[in-house]
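The next block holds one structure in the form of structure tokens; read it before the comments.
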Amino acid sequence: MTDAMPTMMTSAGGDKPFDAPPPRQSPFANFLRRGRRHGGLLLGASILLVIVVAALAAPLIAPHDPYAQNLAQRLIPPIWHPKGTWDHVLGTDKLGRDYFSRLLFGARISLLIGLLTVAISGTIGTLLGICAGYFGGRVDAALSYVITTRLALPVVLVALASAALVGGSLQGVIIVLGLLLWDRFAVVTRSATQQIARADYVAAAQAIGCSTSRILFSEILPNILNALIVVATLEMAHAILLEAALSFLGLGVQPPLPSWGLMIAEGKQYMFFSPWMIGVPAVALVFLVLAINLVGDGVRDVTAPENRT
Amino acid sequence: MLAYTMQRLIVALSVAFTVSVVAFFLLHLSGDIAISIAGPESTPAQVEQIRHQFGLDRPLVVQYLDWLWKAVHFDFGNSFYFRDTVVSLIASRIGVTLTLGAISLLLSLVVAVPLGVLAAVYNGTIIDRLALSFSVIGQAIPTFCLGLGLIIVFSVTLRWLPVSGASTWKHFILPSIALGWYAVPAVMRLSRNGMLEVLSADYIRTARAKGVAPAVVIFKHALRNAIIPVVALAAVQFGFMLGGSIVIEAVFSMHGLGYLAWEAIARNDFPVVQAVVLILATIYVGLTFLADVANAFLDPRIRLA
């Protein structure tokens with residue numbers, strides 16, 4: 001297995017050795033085989049899997065209704081605290097809502113924000129980048145200008161102002177972030193497309209008269225997908241962090257939704273006596289973002305070893 | 001050099017102009033400002049009166065040109081909420097944000113560049129791996145969580161530093177760490193990669209072969225070239241910090257530009273929000289322009305390309 005590796009690597013790199021071709025394997029099988037040995041990717045994927053399963057199964061796992069208030073049981077500390085109880089493993093908040101249940105349902109919000117934001121921003125950024133990279137010339141100049149302008153806008157501030165105007169809600173935050181965070185997609189797709197726009201298979205597709213949209217989406221897009229997946233994971237993490245920041249500032253997701261950023265904001269007034277109230281959602285947030293970033297870095301290492309940083 | 005500078009200047013000015021259009025129309029198109037000012041309980045007649053009073057019944061283009069004409073003369077009108085002109089509000093707040101941004105940038109550079117150089121010099125060793133792990137974990141910690149964590153440890157538990165405010169230098173320590181933290185991973189990775197690239201260059205091998213001391217090779221021959229892209233990144237990061245300081249200022253109740261923007265957004269105070277967006281974006285454009293010029297000055301390949 002390990003002996004076969006160098007041959008595999010060189011053939012994937014393009015300069016084919018003259019000895020027997022390596023056994024054919026699907027790219028995905030290759031990915032899995034190399035990914036199995038990448039510690040960071042495995043760690044990230046495992047944490048992410050736990051969070052995704054917890055989010056999907058939240059109604060089954062959650063011991064309490066995340067919205068059910070119980071004023072008789074306010075501010076119960078978590079289980080590691082001497083006054084903690086097993087009934088509320090991570091304690092309760094100022095309205096007596098079970099913190100663990102809220103954390104589980106909060107994972108759904110973070111993941112939803114991450115996925116939908118990236119779906120919107122990825123579409124916009126990829127379209128802009130692929131067109132700029134393929135057509136070049138004036139199209140490139142115009143689109144690069146759009147990208148530069150977008151980069152000049154202070155994201156947090158513009159997101160806050162727009163989210164406030166849309167009237168802070170889950171949908172509002174997703175739309176605002178989706179329309180804002182396409183810059184890195186555009187920058188990366190643009191340069192990736194530039195690199196392969198002169199490739200032989202693109203020239204061949206042009207020669208046999210393929211339509212431009214076919215060339216863009218069937219010839220170029222699949223070949224820049226690796227870079228796109230990496231950007232998508234990093235931007236997902238970015239979107240989740242921004243949502244938490246917006247909700248923390250009170251202009252993102254609105255109560256009583258259990259957004260982690262909102263939980264941290266609500267815990268802020270109790271941080272002197274109950275620091276766990278911000279600690280618990282903050283640690284969850286760090287783990288989610290860390291897992292997504294590890295997966296992104298891992299995918300980059302595994303799919304394109306030459307781009308390793 | 002002059003031709004290059006002029007070319008970058010024209011781009012910078014046109015981007016600043018486009019940003020002003022975006023800053024203006026973004027707030028005007030995403031909702032009816034008159035209704036927002038008047039509040040939800042107002043009658044249609046009151047809304048109409050406010051629309052007229054603030055000149056919101058004029059065509060948007062006229063409103064924009066009027067706003068831009070005044071803006072380039074540093075007149076951003078009056079705040080709806082604060083009983084003051086926008087310019088004097090900003091003038092009284094911008095110092096805190098600029099100070100915070102400058103200290104944060106300095107702090108992140110002082111940590112990140114040596115760490116990146118160290119990781120590159122000891123490439124592949126445990127030091128390198130530790131530095132990279134640090135950058136991955138660092139990236140995952142949201143600035144406001146770090147800020148709150150620092151407050152809990154250093155202000156609440158140890159009682160070394162104040163919780164909030166911006167009156168003495170002590171107030172700036174924790175916020176600067178929290179804000180500067182954000183830039184460390186990016187700067188570290190860039191200085192590491194730049195250093196790795198330079199260290200594998202032929203002239204470094206030559207210098208080593210001649211018997212130049214390792215420290216001289218690293219600091220005199222290599223670092224000077226590896227640092228060039230970091231200059232550009234530092235400028236960009238400073239722009240991000242000014243924009244991102246809104247969160248840190250909120251956490252530490254520092255009355256800077258970000259805090260002003262936060263208060264203004266929550267109260268639909270559009271003149272203030274527009275002005276802050278425009279000023280921060282213009283600062284960013286100016287910084288990237290300076291970085292481009294500085295880069296071209298440091299690296300002739302850029303200006304001659």
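Throughout, a chain's letter reflects where its sequence line sits, starting with A, and its residues are numbered from 1.
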- Is there a donor-acceptor pair under 3.5 Å between the side chain of B:Tyr182 and the backbone N or O of B:Gly244? no
- Message: Within residues 284-293 of chain A, which residues come under 4.5 Å of chain B, heavy atom to heavy atom?
- Response: A:Leu285, A:Val286, A:Val289, A:Leu290, A:Asn293
- Message: Quick check on B:Val277 against chain A: is it the side chain, the backbone, both or neither that has a heavy atom closer than 4.5 Å?
- Response: both
- Task: Check whether A:Leu151 gets within reach of chain B through its side chain, its backbone, both or neither, counting any heavy atom under 4.5 Å.
- Result: both
- Under 4.5 Å to a heavy atom of chain A? For B:Val136 that would be both
- Item | Flag, side chain of B:Trp181 to backbone of B:Thr143, donor-acceptor distance under 3.5 Å | no
- Go through the atoms of B:Val236 and report whether side chain, backbone, both or neither lie under 4.5 Å from a heavy atom of chain A. neither
- Task: Go through A:Pro281, A:Pro275, A:Ala237, A:Ala164 and name the one with the most non-hydrogen pairs under 4.5 angstrom from chain B.
- Result: A:Pro275
- Message: What residues of residues 108-118 of chain A make heavy-atom contacts with chain B at a cutoff under 4.5 angstrom?
- Response: none
- Message: List the residues meeting side chain to side chain donor-acceptor pair (under 3.5 Å) with B:Tyr64, not counting sequence neighbours, and say none if there are none.
- Response: B:Ser20
- Message: So which atom in A:Gln254 and which in A:Gly252 form the shortest heavy-atom distance, rounded to 0.1 Å?
- Response: NE2-O, 3.0 Å
- Please state whether the side chain, the backbone, both or neither of B:Ile152 comes within less than 4.5 Å of a heavy atom of chain A. side chain
- Indicate the atoms forming the closest heavy-atom contact of A:Gly44 with A:Leu294, along with that distance. CA-CB, 3.8 Å
- Message: Measuring from atom CG of B:Leu196 to atom CZ of B:Arg189, what distance do you get when rounded to the nearest 0.5 angstrom?
- Response: 13.0 Å
- Task: Could you tell me which portion of A:Leu251 (side chain, backbone, both or neither) has an atom closer than 4.5 angstrom to a non-hydrogen atom of chain B?
- Result: side chain
- Query: Checking heavy atoms, do the side chain of B:Thr282, its backbone, both or neither come under 4.5 Å from chain A?
  - Reply: neither
- Note on the structure: Cut-off 4.5 Å, heavy atoms of chain A, and the answer for B:Leu287 is neither
- Item | Greatest number of heavy atom pairs closer than 4.5 Å to chain A - which of B:Val251, B:Val273, B:Ile283, B:Thr288 | B:Val251
- Item | Donor-acceptor contact below 3.5 Å, side chain B:Ser155 vs main chain B:Leu161 | yes
- If you take all heavy atoms of B:His255 and B:Val96, which pair is closest and at what distance? O-CG2, 4.0 Å
- Task: Please flag which part of A:Ile278 lies under 4.5 Å from any non-hydrogen atom of chain B: side chain, backbone, both or neither.
- Result: side chain
- Residues that A:Glu266 engages under side chain to side chain donor-acceptor pair (under 3.5 Å), provided they are two or more places apart: none
- Item | Donor-acceptor contact below 3.5 Å, side chain B:Thr97 vs main chain B:Gly256 | no
- Message: Is the ring pair B:Phe24/B:Trp67 parallel, tilted or perpendicular, if the boundaries are 30 and 60 degrees?
- Response: tilted
